[in-house]
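Below you'll find the structure, written out as structure tokens, and then a few comments.
Position 1 is the first residue of the sequence; numbering continues from there. The figures that follow rest on heavy atoms only: side chains count, while hydrogens, waters and symmetry mates do not.
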Amino acid sequence: MVDTDAKTAWQLYQLNWLPIAAMGSLLALGLSVTGLRLEPVAYGITLAIAMSFVTVAYRHHVAKGDGADPKLIFSLGTIGQVIILCALVGPLSYVAGISGFPLQDQALLAIDRALGLDPEPIARFVNDHPWLADVLSRGYGLIKWPLLGIPVVLALTARYVRLQLFMLAMSLALAITIAISALVPAIGTYYGLGLPAAHFPDINTAVYAGQLRDILALRDGSLHELQLFKLSGIVSFPSFHAASAVLYMWALWPVRRLGGIAAALNLLMITATPVIGAHYIIDVAGGIALAAASIWAATAYLAWMSRTARVTAAPAPSATWQPSLAE
């Protein structure tokens, strides 16, 4: 099986709608149960943009048939899926966050300290070196652009199968991240340490501040409307920043020249993750393990598809009479 196998990639693309549909159904159910509501304008516009990409991809596939351009189909179609997925998992994480399970900050902090990685002296060191704090802040923000860039890069370099495996692995990782976060809720390192974010003035703690605000508002019932562009990341364990960094590195590694650059930038994002205050170090380890497991699951599914296709395509046994051993 090669990356340029457009038919296999199309099968995987179709499959990737299943976790998206499942998360959409869970979100609809969760909203009805929790009483949370989505601000309609931003969500409506976002989904309309996503569906315009998907529609162009499908119309081109139907109109051109075997002559369709896979670069166009998989770049636009996968961008549409990415946008829809991101629009779903943001509010779905809030639905999970309202579960009411006890906060696990002290348990996660205790694990970090048992590993000899106390987050307080690490944050103090970064705060005492403002240039380092600035670099790590920029590194933490690298999570956004690859989501749209990877579909374009992999499609243009004809890595159609790898693109769809990336999408499948990311969907699995996001779904599992949200499920675990409902059972192991936490706010972040500064909350666990009992320190205000202002204690480290040279570290950009905006993400932590948003997480602190929204988790507490969910828990006291004062947050009711979810505005798409104002949602904060409210997942601590496992860290999807760390998981996404591994997924991005894996997706782009085969691309000549770009793979090494992507690896360096995503290692920076992993390094930055436990410093900004929203994640413990064990969160990072959990995110890396989750990404590795999701990539394994996606590639194992591809291997199963390949075996099934070979069995299906195998020639039928000959109907020619053959003497038995008894004759």
Do Thr78 side-chain atoms and Ser75 backbone N/O form a donor-acceptor pair below 3.5 Å?
no
Which of Asp112, Thr189, Asp105 passes side-chain hydrogen bond (donor to acceptor under 3.5 Å, both in side chains) with Tyr280? It is Asp105
For Gln106, is there any backbone N or O sitting under 3.5 Å from a side-chain donor or acceptor partner on Gln104?
no
Closest non-hydrogen contact found for Ala245 with Ile270 is CB-CG1, 3.5 Å
Note to self: For a 4.5 angstrom cut-off between non-hydrogen side-chain atoms, does Arg307 reach Trp304?
What the structure shows: yes
Across all chains, not counting sequence neighbours, the salt bridge (Lys or Arg N to Asp or Glu O under 4.0 Å) partners of Asp128 are none
Closest heavy-atom pair, Gly90 versus Ser93, reported as atoms and distance to 0.1 Å, is O-OG, 2.6 Å
Q) Between Ser52 (side chain) and Ile49 (backbone), is there a donor-acceptor pair under 3.5 Å? A) yes
Residue pairs passing the ring pair (Phe, Tyr, Trp, His ring centres under 6.0 Å) test with at least one member in residues 209-264, sequence neighbours excluded, are Tyr140-His241
Is there a side chain to side chain contact (heavy atoms under 4.5 Å, CB included) between Ile234 and Leu231 once you walk through the steps?
CA-CA 8 Å; Ile234 63 166; Leu231 297 182; over 6 Å; no
message: Could you go through Leu103 and Arg219, starting from their C-alpha distance and side-chain angles, then the distance that decides it, and tell me whether this counts as side chain to side chain contact (heavy atoms under 4.5 Å, CB included)?
response: CA-CA 10 Å; Leu103 292 172; Arg219 288 179 165 262; 3.7 Å; yes
d(Ser244 OG, Leu147 CG) to nearest 0.5 Å is 7.5 Å
What one should report as the nearest heavy-atom pair of Asn127 and Ile203 is OD1-N, 3.7 Å
**Report entry** Minimum side-chain heavy-atom gap Asp69-His60 below 4.5 Å
**Finding:** yes
Rounded to the nearest 0.5 angstrom, the OG-CZ distance for Ser294 and Phe166 is 11.5 Å
Between the CG atom in Leu117 and the CD1 atom in Ile281, the distance rounded to the nearest 0.5 Å is 4.5 Å
In short, Ala57 meets Ile73 closest at the heavy-atom pair CB-O, 3.6 Å
* Asked: In terms of hydrophobic clustering (I, L, V, M, F, W, Y; side-chain heavy atoms under 4.5 Å; direct or indirect links), are Met269 and Ile276 co-clustered?
  -> no
- request: Report, as yes or no, whether the 6.0 Å neighbourhood of atom CH2 on Trp145 holds more than 12 heavy atoms from other residues, nucleotides or ligands.
  value: no
- Report the C-alpha distance between Arg213 and Gln211 in whole Å, list the side-chain angles of each, state the deciding distance to 0.1 Å, and finish with yes or no for side chain to side chain contact (heavy atoms under 4.5 Å, CB included). CA-CA 5 Å; Arg213 178 196 66 228; Gln211 188 159 302; over 6 Å; no
Query raised in the report: Gln81 side chain to Tyr13 main-chain N or O, any donor-acceptor pair under 3.5 Å?
Result: yes
Output for pair (Leu168 CG, Leu12 CG), nearest 0.5 Å, gives 7.0 Å
For this session: For residues Ile187 and Leu216, determine if any side-chain heavy atom of one lies less than 4.5 Å from a side-chain heavy atom of the other.
Result: yes
May I ask whether Val56 and Leu148 are part of the same hydrophobic cluster, defined by side-chain heavy atoms of I, L, V, M, F, W, Y residues being less than 4.5 angstrom apart, directly or through others? yes
ask   = Would a distance-only check, ignoring hydrogens and angles, find a side-chain to backbone donor-acceptor pair under 3.5 Å from His279 to Pro274?
value = no
Same hydrophobic cluster for Ile288 and Val184, using side-chain heavy-atom links shorter than 4.5 Å among ILVMFWY?
yes
Review point. Got a donor-acceptor contact below 3.5 angstrom from the Arg159 side chain to the Pro254 backbone?
Key: yes
*Under 3.5 Å side-chain donor-acceptor pair for Asp5 and Tyr160*: no
Does any non-hydrogen side-chain atom of Ile79 lie less than 4.5 Å from one of Val152? yes
Minimal heavy-atom distance between Ala298 and Leu165, with the atoms involved, is O-CD2, 3.4 Å
Within the 4.5 Å heavy-atom criterion, are Pro151 and Leu163 side-chain neighbours or not?
yes
Would a distance-only check, ignoring hydrogens and angles, find a side-chain to backbone donor-acceptor pair under 3.5 Å from Thr205 to Tyr208? no
ask   = Any chance CZ of Arg124 has more than 12 other-residue heavy atoms, nucleotides or ligands included, within less than 6.0 Å?
value = yes
Here the gap from Asn16 atom CG to Gln164 atom CD, rounded to the nearest 0.5 Å, amounts to 5.5 Å
Check: Trp296 and Leu302: same hydrophobic cluster, using ILVMFWY side-chain contacts below 4.5 Å?
Finding: no
| message | Apply side chain to side chain contact (heavy atoms under 4.5 Å, CB included) to residues Leu218 and Asp214 and explain how you reach the verdict. | response | CA-CA 6 Å; Leu218 276 174; Asp214 286 357; 5.6 Å; no
Ser171 side chain reached by Leu174 side chain, heavy atoms, under 4.5 Å: no
- Message: We want to know whether Ser137 and Asn204 form a side-chain donor-acceptor pair, criterion being a heavy-atom distance below 3.5 angstrom.
- Response: yes
Quick note, ring pair (Phe, Tyr, Trp, His ring centres under 6.0 Å) partners involving residues 97-127, not counting sequence neighbours, are Phe125-His129
d(Leu247 CG, Ile143 CD1) to nearest 0.5 Å is 10.0 Å
- Taking C-beta and beyond as the side chain, do Met51 and Ile84 meet within less than 4.5 Å on heavy atoms? yes
Give a yes or no answer on whether the side chain of Asp134 reaches the backbone of Pro130 with a donor-acceptor pair at less than 3.5 Å.
no
message = When you group the ILVMFWY residues by side-chain heavy-atom contacts below 4.5 Å and let the links chain together, are Phe74 and Met170 in the same group?
response = yes
Scanning both residues in full, the closest heavy-atom pair of Gly30 with Val95 reads CA-CG1, 3.6 Å
message: A side-chain contact here means heavy atoms from C-beta on lying under 4.5 Å apart; do Ile295 and Val246 qualify?
response: yes
